[in-house]
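Chain identifiers are assigned alphabetically (A, B, ...) following the order of the sequence lines, protein sequences preceding nucleic acid strands; residue numbering begins at 1 within each chain. What you see is a predicted model; the values in this text were computed from it and never measured.
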2 protein chains.
Amino acid sequence: MSENALTQAPEALEPKTLVEGAYQRLRRDIIEGVHAPGEKLRVEHLKDRYDVGAGTLREALLLLVTDALVVAQGQRGFRVAPISIADFEDITRTRVLLETEALRQSIASGGEEWEAAIVAAFHRLSRAEQRLADHDVGTTQEWEVRNRAFHEALISASGSRWIRHFQRILYQQSERYRRISLFRQPIARDIHAEHQALFEATLARDATRATSILTEHILRTLDAVRRMPADFFTGKGKH
Amino acid sequence: MSENALTQAPEALEPKTLVEGAYQRLRRDIIEGVHAPGEKLRVEHLKDRYDVGAGTLREALLLLVTDALVVAQGQRGFRVAPISIADFEDITRTRVLLETEALRQSIASGGEEWEAAIVAAFHRLSRAEQRLADHDVGTTQEWEVRNRAFHEALISASGSRWIRHFQRILYQQSERYRRISLFRQPIARDIHAEHQALFEATLARDATRATSILTEHILRTLDAVRRMPADFFTGKGKH
DNA sequence: TCAATATATTTTCTCGAGATTTTAGACAAT
DNA sequence: ATTGTCTAAAATCTCGAGAAAATATATTGA
(Lines give C-alpha, C1' and ligand atoms only; values in the text may rest on other atoms or scores of the structure.)
Protein backbone atom coordinates (compact mmCIF):
# COMPACT_ATOMS: atom_id res chain seq x y z
CA MET A 1 0.00 0.00 0.00
CA SER A 2 1.74 3.00 -1.33
CA GLU A 3 0.97 6.53 -0.27
CA ASN A 4 -2.64 6.47 0.64
CA ALA A 5 -4.92 3.55 1.32
CA LEU A 6 -7.41 4.99 -1.13
CA THR A 7 -5.06 4.97 -4.06
CA GLN A 8 -4.31 1.31 -3.84
CA ALA A 9 -6.04 -1.29 -5.96
CA PRO A 10 -6.37 -4.10 -3.42
CA GLU A 11 -5.79 -7.01 -5.77
CA ALA A 12 -3.00 -5.65 -7.88
CA LEU A 13 -0.20 -6.23 -5.39
CA GLU A 14 0.90 -9.65 -4.46
CA PRO A 15 0.64 -10.41 -0.78
CA LYS A 16 3.60 -9.23 1.30
CA THR A 17 2.21 -10.88 4.38
CA LEU A 18 0.19 -13.90 5.42
CA VAL A 19 -2.70 -11.70 6.43
CA GLU A 20 -2.90 -10.13 2.99
CA GLY A 21 -2.71 -13.52 1.35
CA ALA A 22 -5.54 -14.92 3.41
CA TYR A 23 -7.46 -11.69 2.84
CA GLN A 24 -7.20 -11.95 -0.93
CA ARG A 25 -8.15 -15.60 -1.10
CA LEU A 26 -11.01 -15.13 1.31
CA ARG A 27 -12.29 -12.18 -0.64
CA ARG A 28 -12.24 -14.09 -3.89
CA ASP A 29 -14.08 -16.98 -2.29
CA ILE A 30 -16.77 -14.69 -0.93
CA ILE A 31 -17.26 -12.90 -4.22
CA GLU A 32 -17.44 -16.22 -6.04
CA GLY A 33 -19.98 -17.50 -3.58
CA VAL A 34 -17.85 -20.24 -2.04
CA HIS A 35 -18.92 -18.80 1.27
CA ALA A 36 -22.61 -18.11 0.95
CA PRO A 37 -24.13 -14.75 1.92
CA GLY A 38 -25.07 -14.66 5.57
CA GLU A 39 -22.95 -17.71 6.33
CA LYS A 40 -21.08 -17.82 9.60
CA LEU A 41 -17.31 -17.64 9.25
CA ARG A 42 -15.78 -19.72 12.02
CA VAL A 43 -12.17 -18.94 12.63
CA GLU A 44 -11.33 -22.44 13.80
CA HIS A 45 -12.59 -23.96 10.55
CA LEU A 46 -11.20 -21.35 8.20
CA LYS A 47 -7.70 -21.29 9.65
CA ASP A 48 -7.18 -24.81 8.36
CA ARG A 49 -8.65 -24.07 4.93
CA TYR A 50 -6.39 -21.06 4.47
CA ASP A 51 -3.42 -22.45 6.34
CA VAL A 52 -2.83 -19.64 8.80
CA GLY A 53 -3.09 -19.14 12.53
CA ALA A 54 -6.27 -18.06 14.24
CA GLY A 55 -5.07 -14.53 14.92
CA THR A 56 -3.92 -14.09 11.36
CA LEU A 57 -7.24 -15.20 10.01
CA ARG A 58 -9.07 -12.84 12.33
CA GLU A 59 -7.04 -9.98 10.91
CA ALA A 60 -7.90 -11.01 7.36
CA LEU A 61 -11.56 -11.08 8.35
CA LEU A 62 -11.22 -7.61 9.83
CA LEU A 63 -9.77 -6.36 6.56
CA LEU A 64 -12.78 -7.71 4.73
CA VAL A 65 -15.01 -5.56 6.91
CA THR A 66 -13.49 -2.62 5.06
CA ASP A 67 -14.90 -4.00 1.83
CA ALA A 68 -18.24 -4.66 3.50
CA LEU A 69 -17.99 -8.28 2.41
CA VAL A 70 -17.86 -9.43 6.02
CA VAL A 71 -19.72 -8.15 9.04
CA ALA A 72 -18.36 -8.47 12.55
CA GLN A 73 -20.75 -8.69 15.48
CA GLY A 74 -19.55 -7.93 18.95
CA GLN A 75 -18.81 -11.12 20.82
CA ARG A 76 -20.37 -13.32 18.14
CA GLY A 77 -17.79 -13.64 15.45
CA PHE A 78 -17.91 -12.98 11.74
CA ARG A 79 -20.41 -13.51 9.01
CA VAL A 80 -20.52 -13.12 5.25
CA ALA A 81 -22.41 -9.95 4.42
CA PRO A 82 -26.00 -10.83 3.49
CA ILE A 83 -27.50 -10.00 0.14
CA SER A 84 -30.92 -8.80 -0.95
CA ILE A 85 -32.60 -7.27 -3.94
CA ALA A 86 -32.97 -3.99 -2.08
CA ASP A 87 -29.26 -3.96 -1.36
CA PHE A 88 -28.39 -4.60 -4.98
CA GLU A 89 -30.66 -1.80 -6.13
CA ASP A 90 -28.99 0.49 -3.63
CA ILE A 91 -25.53 -0.54 -4.80
CA THR A 92 -26.49 -0.04 -8.43
CA ARG A 93 -28.06 3.38 -7.94
CA THR A 94 -25.18 4.61 -5.83
CA ARG A 95 -22.77 3.30 -8.41
CA VAL A 96 -24.56 5.34 -11.05
CA LEU A 97 -24.29 8.44 -8.91
CA LEU A 98 -20.57 8.05 -8.25
CA GLU A 99 -19.47 6.62 -11.56
CA THR A 100 -21.23 9.21 -13.69
CA GLU A 101 -19.77 12.01 -11.60
CA ALA A 102 -16.30 10.49 -11.89
CA LEU A 103 -16.76 10.10 -15.62
CA ARG A 104 -17.84 13.72 -15.91
CA GLN A 105 -14.72 14.80 -14.05
CA SER A 106 -12.51 12.59 -16.19
CA ILE A 107 -13.93 13.90 -19.43
CA ALA A 108 -13.40 17.42 -18.17
CA SER A 109 -9.81 17.05 -17.10
CA GLY A 110 -8.44 13.88 -18.69
CA GLY A 111 -5.31 14.15 -20.79
CA GLU A 112 -3.65 12.07 -23.44
CA GLU A 113 -2.52 9.31 -21.11
CA TRP A 114 -6.09 8.95 -19.94
CA GLU A 115 -7.31 8.57 -23.52
CA ALA A 116 -4.58 6.08 -24.30
CA ALA A 117 -5.45 4.02 -21.25
CA ILE A 118 -9.09 3.89 -22.30
CA VAL A 119 -8.24 2.86 -25.84
CA ALA A 120 -6.03 0.09 -24.55
CA ALA A 121 -8.56 -1.13 -21.98
CA PHE A 122 -11.35 -1.07 -24.53
CA HIS A 123 -9.29 -3.05 -26.99
CA ARG A 124 -8.53 -5.71 -24.42
CA LEU A 125 -12.15 -5.88 -23.38
CA SER A 126 -13.35 -6.16 -26.98
CA ARG A 127 -11.09 -9.12 -27.58
CA ALA A 128 -12.41 -10.87 -24.52
CA GLU A 129 -15.99 -10.18 -25.59
CA GLN A 130 -15.26 -11.59 -29.00
CA ARG A 131 -13.87 -14.74 -27.47
CA LEU A 132 -16.91 -14.87 -25.22
CA ALA A 133 -19.21 -14.69 -28.24
CA ASP A 134 -17.28 -17.56 -29.81
CA HIS A 135 -18.22 -19.62 -26.79
CA ASP A 136 -14.69 -20.08 -25.66
CA VAL A 137 -14.77 -21.64 -22.24
CA GLY A 138 -13.02 -20.12 -19.28
CA THR A 139 -13.01 -16.60 -20.64
CA THR A 140 -15.61 -15.27 -18.22
CA GLN A 141 -13.00 -14.65 -15.55
CA GLU A 142 -10.85 -12.82 -18.06
CA TRP A 143 -13.84 -10.77 -19.14
CA GLU A 144 -14.54 -9.84 -15.52
CA VAL A 145 -11.03 -8.52 -15.07
CA ARG A 146 -11.04 -6.55 -18.29
CA ASN A 147 -14.52 -5.20 -17.80
CA ARG A 148 -13.45 -3.86 -14.45
CA ALA A 149 -10.26 -2.45 -15.93
CA PHE A 150 -12.26 -0.67 -18.62
CA HIS A 151 -14.63 0.90 -16.14
CA GLU A 152 -11.72 2.01 -13.98
CA ALA A 153 -9.86 3.44 -16.95
CA LEU A 154 -12.87 5.55 -17.87
CA ILE A 155 -12.84 7.29 -14.51
CA SER A 156 -9.12 7.17 -13.86
CA ALA A 157 -8.71 10.86 -14.64
CA SER A 158 -11.16 11.87 -11.96
CA GLY A 159 -9.38 13.98 -9.39
CA SER A 160 -11.43 12.47 -6.60
CA ARG A 161 -9.64 9.67 -4.80
CA TRP A 162 -12.66 9.23 -2.56
CA ILE A 163 -15.12 8.68 -5.36
CA ARG A 164 -12.80 6.16 -6.93
CA HIS A 165 -12.40 4.48 -3.55
CA PHE A 166 -16.13 4.15 -3.02
CA GLN A 167 -16.66 3.15 -6.63
CA ARG A 168 -14.21 0.30 -6.18
CA ILE A 169 -16.08 -1.00 -3.17
CA LEU A 170 -19.42 -0.82 -4.93
CA TYR A 171 -18.11 -2.44 -8.07
CA GLN A 172 -16.76 -5.28 -5.98
CA GLN A 173 -20.13 -5.68 -4.35
CA SER A 174 -21.97 -5.75 -7.64
CA GLU A 175 -19.48 -8.25 -8.98
CA ARG A 176 -20.55 -10.55 -6.19
CA TYR A 177 -24.17 -10.25 -7.20
CA ARG A 178 -23.29 -10.82 -10.81
CA ARG A 179 -21.31 -13.95 -10.03
CA ILE A 180 -24.14 -15.37 -8.03
CA SER A 181 -26.71 -14.67 -10.72
CA LEU A 182 -24.37 -15.70 -13.52
CA PHE A 183 -25.53 -19.28 -13.38
CA ARG A 184 -29.02 -18.32 -14.38
CA GLN A 185 -28.38 -15.38 -16.65
CA PRO A 186 -25.20 -15.54 -18.69
CA ILE A 187 -23.73 -12.32 -20.02
CA ALA A 188 -26.14 -12.53 -22.90
CA ARG A 189 -27.40 -9.12 -23.94
CA ASP A 190 -25.31 -7.28 -26.45
CA ILE A 191 -23.04 -5.71 -23.95
CA HIS A 192 -20.34 -5.04 -26.45
CA ALA A 193 -22.46 -2.47 -28.28
CA GLU A 194 -22.98 -0.64 -25.02
CA HIS A 195 -19.28 -0.58 -24.31
CA GLN A 196 -18.60 0.62 -27.80
CA ALA A 197 -21.07 3.49 -27.49
CA LEU A 198 -19.70 4.39 -24.09
CA PHE A 199 -16.19 4.31 -25.44
CA GLU A 200 -16.99 6.58 -28.38
CA ALA A 201 -19.00 9.12 -26.43
CA THR A 202 -16.25 9.38 -23.85
CA LEU A 203 -13.45 9.95 -26.32
CA ALA A 204 -15.67 12.45 -28.11
CA ARG A 205 -15.80 14.28 -24.76
CA ASP A 206 -19.58 14.23 -24.89
CA ALA A 207 -20.20 14.14 -21.16
CA THR A 208 -23.97 14.22 -21.38
CA ARG A 209 -24.19 11.32 -23.76
CA ALA A 210 -21.45 9.33 -22.07
CA THR A 211 -22.98 9.56 -18.61
CA SER A 212 -26.38 8.77 -20.05
CA ILE A 213 -25.09 5.60 -21.67
CA LEU A 214 -23.16 4.66 -18.54
CA THR A 215 -26.29 5.10 -16.46
CA GLU A 216 -28.33 2.83 -18.69
CA HIS A 217 -25.47 0.38 -18.85
CA ILE A 218 -25.25 0.03 -15.09
CA LEU A 219 -28.98 0.07 -14.48
CA ARG A 220 -29.54 -2.72 -16.97
CA THR A 221 -27.88 -5.19 -14.63
CA LEU A 222 -30.79 -4.60 -12.29
CA ASP A 223 -33.17 -6.45 -14.58
CA ALA A 224 -31.19 -9.65 -14.43
CA VAL A 225 -31.37 -9.78 -10.66
CA ARG A 226 -34.98 -8.70 -10.52
CA ARG A 227 -35.87 -11.69 -12.65
CA MET A 228 -34.47 -14.07 -10.06
CA PRO A 229 -36.89 -16.36 -8.24
CA ALA A 230 -38.29 -14.85 -5.10
CA ASP A 231 -36.70 -17.39 -2.77
CA PHE A 232 -33.23 -16.84 -4.16
CA PHE A 233 -32.06 -14.50 -1.47
CA THR A 234 -33.53 -16.40 1.42
CA GLY A 235 -31.36 -19.39 0.66
CA LYS A 236 -34.31 -21.76 1.02
CA GLY A 237 -34.52 -22.65 -2.67
CA LYS A 238 -31.99 -25.02 -4.21
CA HIS A 239 -29.72 -23.50 -6.83
CA MET B 1 -23.73 -4.42 15.01
CA SER B 2 -27.24 -5.38 14.18
CA GLU B 3 -28.28 -6.59 10.75
CA ASN B 4 -25.86 -4.99 8.41
CA ALA B 5 -22.51 -3.38 9.03
CA LEU B 6 -23.67 -0.36 7.10
CA THR B 7 -26.57 0.40 9.36
CA GLN B 8 -24.46 0.69 12.44
CA ALA B 9 -23.35 4.00 13.85
CA PRO B 10 -19.89 3.12 15.09
CA GLU B 11 -19.86 5.26 18.20
CA ALA B 12 -23.35 4.70 19.47
CA LEU B 13 -22.77 1.28 21.01
CA GLU B 14 -20.62 0.82 24.01
CA PRO B 15 -17.74 -1.55 23.45
CA LYS B 16 -18.60 -5.22 23.87
CA THR B 17 -14.99 -6.23 23.44
CA LEU B 18 -11.52 -4.95 24.17
CA VAL B 19 -10.86 -4.49 20.47
CA GLU B 20 -13.86 -2.23 20.08
CA GLY B 21 -12.89 -0.25 23.14
CA ALA B 22 -9.37 0.34 21.89
CA TYR B 23 -10.80 1.12 18.46
CA GLN B 24 -13.10 3.81 19.78
CA ARG B 25 -10.49 5.49 21.95
CA LEU B 26 -7.91 5.32 19.21
CA ARG B 27 -10.33 6.80 16.72
CA ARG B 28 -11.19 9.68 19.01
CA ASP B 29 -7.52 10.38 19.60
CA ILE B 30 -6.79 10.44 15.89
CA ILE B 31 -9.71 12.73 15.11
CA GLU B 32 -8.70 15.04 17.93
CA GLY B 33 -5.16 15.14 16.67
CA VAL B 34 -3.55 13.40 19.64
CA HIS B 35 -1.86 11.24 17.05
CA ALA B 36 -0.72 13.58 14.33
CA PRO B 37 -1.44 12.92 10.66
CA GLY B 38 1.23 10.79 9.06
CA GLU B 39 2.57 9.72 12.44
CA LYS B 40 3.75 6.16 12.83
CA LEU B 41 1.60 4.03 15.11
CA ARG B 42 3.87 1.57 16.87
CA VAL B 43 2.03 -1.31 18.39
CA GLU B 44 4.52 -1.76 21.21
CA HIS B 45 4.03 1.81 22.38
CA LEU B 46 0.29 1.99 21.91
CA LYS B 47 -0.51 -1.25 23.67
CA ASP B 48 0.62 0.30 26.93
CA ARG B 49 -1.27 3.53 26.36
CA TYR B 50 -4.51 1.70 25.65
CA ASP B 51 -3.92 -1.17 28.04
CA VAL B 52 -4.41 -4.10 25.68
CA GLY B 53 -2.27 -6.83 24.18
CA ALA B 54 -0.36 -6.40 20.96
CA GLY B 55 -2.69 -8.58 18.91
CA THR B 56 -5.73 -6.76 20.23
CA LEU B 57 -4.29 -3.41 19.34
CA ARG B 58 -3.42 -4.60 15.85
CA GLU B 59 -7.04 -5.56 15.36
CA ALA B 60 -8.20 -2.15 16.50
CA LEU B 61 -5.79 -0.59 14.02
CA LEU B 62 -7.18 -2.78 11.27
CA LEU B 63 -10.68 -1.59 12.09
CA LEU B 64 -9.53 1.98 11.72
CA VAL B 65 -8.42 1.19 8.19
CA THR B 66 -12.13 0.86 7.41
CA ASP B 67 -12.60 4.49 8.39
CA ALA B 68 -9.53 5.49 6.39
CA LEU B 69 -8.11 7.07 9.51
CA VAL B 70 -5.21 4.64 9.52
CA VAL B 71 -3.23 3.22 6.64
CA ALA B 72 -1.51 -0.14 6.80
CA GLN B 73 1.58 -0.76 4.72
CA GLY B 74 2.73 -4.26 3.98
CA GLN B 75 5.49 -5.23 6.32
CA ARG B 76 5.93 -1.73 7.69
CA GLY B 77 3.23 -1.29 10.23
CA PHE B 78 0.57 1.34 10.65
CA ARG B 79 0.40 5.06 10.19
CA VAL B 80 -2.13 7.81 10.82
CA ALA B 81 -3.70 8.77 7.50
CA PRO B 82 -2.00 11.90 6.18
CA ILE B 83 -3.88 15.10 5.49
CA SER B 84 -3.65 17.69 2.77
CA ILE B 85 -5.65 20.56 1.36
CA ALA B 86 -6.33 18.56 -1.80
CA ASP B 87 -7.70 15.71 0.29
CA PHE B 88 -9.97 18.01 2.23
CA GLU B 89 -11.31 19.55 -0.94
CA ASP B 90 -11.98 16.07 -2.27
CA ILE B 91 -13.73 15.06 0.94
CA THR B 92 -15.84 18.20 0.91
CA ARG B 93 -16.89 17.94 -2.73
CA THR B 94 -17.73 14.26 -2.39
CA ARG B 95 -19.69 15.02 0.73
CA VAL B 96 -21.73 17.57 -1.20
CA LEU B 97 -22.45 15.02 -3.89
CA LEU B 98 -23.59 12.32 -1.47
CA GLU B 99 -25.29 14.46 1.12
CA THR B 100 -27.36 16.46 -1.34
CA GLU B 101 -28.50 13.29 -3.06
CA ALA B 102 -29.43 11.74 0.29
CA LEU B 103 -31.28 14.89 1.26
CA ARG B 104 -33.17 14.84 -2.02
CA GLN B 105 -34.20 11.25 -1.37
CA SER B 106 -35.22 12.02 2.19
CA ILE B 107 -37.35 14.97 1.17
CA ALA B 108 -39.01 12.80 -1.44
CA SER B 109 -39.84 9.89 0.79
CA GLY B 110 -39.52 11.03 4.39
CA GLY B 111 -42.52 10.56 6.68
CA GLU B 112 -43.68 12.06 9.94
CA GLU B 113 -41.08 10.33 12.07
CA TRP B 114 -38.39 11.77 9.85
CA GLU B 115 -39.80 15.27 10.28
CA ALA B 116 -40.05 14.80 14.02
CA ALA B 117 -36.46 13.61 14.23
CA ILE B 118 -35.28 16.68 12.35
CA VAL B 119 -37.26 19.03 14.55
CA ALA B 120 -35.81 17.42 17.65
CA ALA B 121 -32.24 17.40 16.33
CA PHE B 122 -32.51 20.99 15.20
CA HIS B 123 -33.79 22.05 18.59
CA ARG B 124 -30.93 20.35 20.38
CA LEU B 125 -28.43 21.87 17.98
CA SER B 126 -29.91 25.35 18.39
CA ARG B 127 -29.55 25.16 22.14
CA ALA B 128 -25.93 24.16 21.82
CA GLU B 129 -25.29 26.99 19.39
CA GLN B 130 -26.89 29.43 21.76
CA ARG B 131 -24.66 28.22 24.56
CA LEU B 132 -21.71 28.50 22.20
CA ALA B 133 -22.60 32.11 21.42
CA ASP B 134 -22.75 32.82 25.15
CA HIS B 135 -19.13 31.71 25.33
CA ASP B 136 -19.85 28.78 27.55
CA VAL B 137 -16.73 26.71 27.78
CA GLY B 138 -16.66 23.05 26.96
CA THR B 139 -19.70 23.13 24.71
CA THR B 140 -17.77 22.61 21.49
CA GLN B 141 -17.74 18.86 21.94
CA GLU B 142 -21.48 18.91 22.56
CA TRP B 143 -21.96 21.05 19.49
CA GLU B 144 -19.97 18.58 17.42
CA VAL B 145 -22.20 15.72 18.48
CA ARG B 146 -25.42 17.60 17.85
CA ASN B 147 -24.25 19.04 14.57
CA ARG B 148 -23.51 15.57 13.37
CA ALA B 149 -26.84 14.31 14.68
CA PHE B 150 -28.65 17.08 12.82
CA HIS B 151 -26.95 16.32 9.55
CA GLU B 152 -27.69 12.64 9.95
CA ALA B 153 -31.31 13.31 10.82
CA LEU B 154 -31.74 15.30 7.63
CA ILE B 155 -30.75 12.37 5.47
CA SER B 156 -32.06 9.60 7.71
CA ALA B 157 -35.03 8.97 5.43
CA SER B 158 -32.81 8.26 2.48
CA GLY B 159 -33.36 4.70 1.37
CA SER B 160 -29.72 4.31 0.49
CA ARG B 161 -27.71 2.59 3.21
CA TRP B 162 -24.60 2.92 1.08
CA ILE B 163 -24.81 6.64 0.70
CA ARG B 164 -25.34 7.01 4.41
CA HIS B 165 -22.42 4.69 5.02
CA PHE B 166 -20.08 6.70 2.83
CA GLN B 167 -21.42 9.96 4.17
CA ARG B 168 -20.58 8.86 7.69
CA ILE B 169 -17.01 8.10 6.70
CA LEU B 170 -16.59 11.44 4.97
CA TYR B 171 -18.18 13.37 7.80
CA GLN B 172 -15.77 11.72 10.19
CA GLN B 173 -12.88 12.71 7.98
CA SER B 174 -14.01 16.31 7.75
CA GLU B 175 -14.50 16.39 11.49
CA ARG B 176 -10.83 15.58 11.81
CA TYR B 177 -9.89 18.51 9.62
CA ARG B 178 -12.21 20.79 11.53
CA ARG B 179 -10.75 19.78 14.87
CA ILE B 180 -7.26 20.44 13.67
CA SER B 181 -8.12 23.84 12.25
CA LEU B 182 -10.38 24.73 15.17
CA PHE B 183 -7.54 26.26 17.12
CA ARG B 184 -7.03 28.95 14.52
CA GLN B 185 -10.57 29.47 13.28
CA PRO B 186 -13.27 29.03 15.90
CA ILE B 187 -16.80 28.24 14.73
CA ALA B 188 -17.27 31.92 14.11
CA ARG B 189 -19.44 32.58 11.08
CA ASP B 190 -23.14 32.68 11.67
CA ILE B 191 -23.63 29.02 11.28
CA HIS B 192 -26.92 29.03 13.09
CA ALA B 193 -28.61 31.04 10.37
CA GLU B 194 -27.46 28.47 7.82
CA HIS B 195 -28.84 25.63 9.88
CA GLN B 196 -32.08 27.49 10.33
CA ALA B 197 -32.48 28.04 6.59
CA LEU B 198 -31.57 24.45 5.88
CA PHE B 199 -34.07 23.30 8.46
CA GLU B 200 -36.90 25.36 7.06
CA ALA B 201 -36.29 24.53 3.40
CA THR B 202 -36.18 20.84 4.24
CA LEU B 203 -39.42 20.78 6.20
CA ALA B 204 -41.02 22.85 3.43
CA ARG B 205 -39.99 19.98 1.13
CA ASP B 206 -38.22 22.43 -1.13
CA ALA B 207 -35.55 20.06 -2.42
CA THR B 208 -33.91 22.56 -4.76
CA ARG B 209 -33.50 25.20 -2.11
CA ALA B 210 -32.53 22.77 0.61
CA THR B 211 -29.79 21.10 -1.41
CA SER B 212 -28.55 24.48 -2.54
CA ILE B 213 -28.22 25.69 1.03
CA LEU B 214 -26.63 22.43 2.10
CA THR B 215 -24.09 22.70 -0.69
CA GLU B 216 -23.10 26.21 0.31
CA HIS B 217 -23.06 25.17 3.94
CA ILE B 218 -20.63 22.35 3.36
CA LEU B 219 -18.46 24.21 0.86
CA ARG B 220 -18.02 27.12 3.24
CA THR B 221 -15.85 24.98 5.49
CA LEU B 222 -13.35 24.90 2.65
CA ASP B 223 -12.51 28.55 3.15
CA ALA B 224 -11.40 28.02 6.72
CA VAL B 225 -8.89 25.38 5.74
CA ARG B 226 -7.71 27.26 2.66
CA ARG B 227 -6.77 30.15 4.90
CA MET B 228 -4.38 27.98 6.87
CA PRO B 229 -0.66 28.73 6.64
CA ALA B 230 1.04 26.87 3.85
CA ASP B 231 3.28 24.83 6.15
CA PHE B 232 0.38 23.55 8.20
CA PHE B 233 0.05 20.23 6.45
CA THR B 234 3.73 19.51 6.26
CA GLY B 235 4.01 19.47 10.02
CA LYS B 236 7.10 21.69 9.91
CA GLY B 237 5.41 24.72 11.40
CA LYS B 238 4.66 24.84 15.13
CA HIS B 239 1.01 24.91 16.08
C1' DT C 1 34.12 13.52 3.93
C1' DC C 2 31.32 10.39 1.71
C1' DA C 3 29.54 5.95 0.19
C1' DA C 4 28.88 1.15 0.92
C1' DT C 5 28.72 -2.76 3.68
C1' DA C 6 27.98 -5.22 7.87
C1' DT C 7 26.14 -5.47 12.48
C1' DA C 8 22.78 -4.46 16.12
C1' DT C 9 18.42 -2.92 17.49
C1' DT C 10 13.81 -2.21 16.93
C1' DT C 11 9.38 -3.37 15.10
C1' DT C 12 6.26 -6.10 12.82
C1' DC C 13 4.20 -10.40 12.00
C1' DT C 14 2.77 -14.97 13.43
C1' DC C 15 1.35 -18.71 16.27
C1' DG C 16 -0.58 -21.53 20.11
C1' DA C 17 -2.80 -21.75 24.49
C1' DG C 18 -5.80 -19.99 28.22
C1' DA C 19 -9.95 -17.18 29.76
C1' DT C 20 -14.59 -15.54 28.69
C1' DT C 21 -18.70 -15.63 26.26
C1' DT C 22 -22.07 -17.60 23.40
C1' DT C 23 -24.56 -21.46 21.67
C1' DA C 24 -26.64 -26.09 21.84
C1' DG C 25 -28.73 -29.86 24.31
C1' DA C 26 -30.93 -32.14 28.19
C1' DC C 27 -34.11 -31.98 31.64
C1' DA C 28 -37.85 -30.44 34.48
C1' DA C 29 -42.10 -27.73 35.28
C1' DT C 30 -46.32 -25.43 33.93
C1' DA D 1 -46.56 -29.10 23.72
C1' DT D 2 -44.25 -25.15 25.32
C1' DT D 3 -41.53 -22.56 28.32
C1' DG D 4 -37.73 -22.12 31.37
C1' DT D 5 -33.51 -23.50 33.72
C1' DC D 6 -29.32 -25.86 34.06
C1' DT D 7 -25.27 -28.18 32.11
C1' DA D 8 -21.97 -29.23 28.38
C1' DA D 9 -19.78 -28.01 24.24
C1' DA D 10 -18.12 -24.86 20.97
C1' DA D 11 -16.52 -20.53 19.51
C1' DT D 12 -14.69 -16.09 20.30
C1' DC D 13 -11.56 -13.10 22.39
C1' DT D 14 -7.14 -12.16 24.51
C1' DC D 15 -2.39 -12.42 25.67
C1' DG D 16 2.68 -13.35 25.59
C1' DA D 17 6.56 -15.19 23.27
C1' DG D 18 9.21 -16.54 19.16
C1' DA D 19 10.38 -15.84 14.00
C1' DA D 20 10.96 -12.62 10.21
C1' DA D 21 11.59 -8.24 8.42
C1' DA D 22 12.78 -3.41 8.50
C1' DT D 23 15.27 0.32 10.49
C1' DA D 24 19.11 2.44 12.80
C1' DT D 25 23.91 2.28 14.05
C1' DA D 26 28.67 1.21 13.45
C1' DT D 27 32.45 -0.07 10.64
C1' DT D 28 35.30 -0.16 6.70
C1' DG D 29 37.27 1.55 2.43
C1' DA D 30 37.85 5.05 -1.06
Peer 1: Take atom CG of Leu63(B) and atom C1' of dC13(D), then tell me their distance rounded to the nearest Å.
Peer 2: 13 Å
Peer 1: Under the side-chain contact (heavy atoms from CB on, under 4.5 Å) test, which residues partner Thr17(A), sequence neighbours left out?
Peer 2: Val19(A), Glu20(A)
Peer 1: Summarise how protein sits on nucleotides 11-17 of chain C as a single string, 5' to 3': B when a protein heavy atom is under 4.0 Å from the base, S for sugar-phosphate-only contact, - for no contact.
Peer 2: SBSBS--
Peer 1: Can you list everything that forms a ring-ring contact (aromatic ring centres under 6.0 Å, His included) with Phe78(A)? Sequence neighbours excluded, please.
Peer 2: none
Peer 1: Between dA11(D) atom P and Leu61(A) atom CG, what is the distance in whole Å?
Peer 2: 15 Å
Peer 1: Sequence neighbours left out, what passes side-chain hydrogen bond (donor to acceptor under 3.5 Å, both in side chains) with Glu142(A)? Give chain and number order.
Peer 2: Arg131(A), Arg146(A)
Peer 1: With sequence neighbours excluded, tell me which residues meet side-chain hydrogen bond (donor to acceptor under 3.5 Å, both in side chains) with Arg49(B).
Peer 2: Asp29(B)
Peer 1: Applying side-chain hydrogen bond (donor to acceptor under 3.5 Å, both in side chains), can you list everything that pairs with Glu101(B), at least two apart in sequence or on another chain?
Peer 2: Arg104(B), Gln105(B)
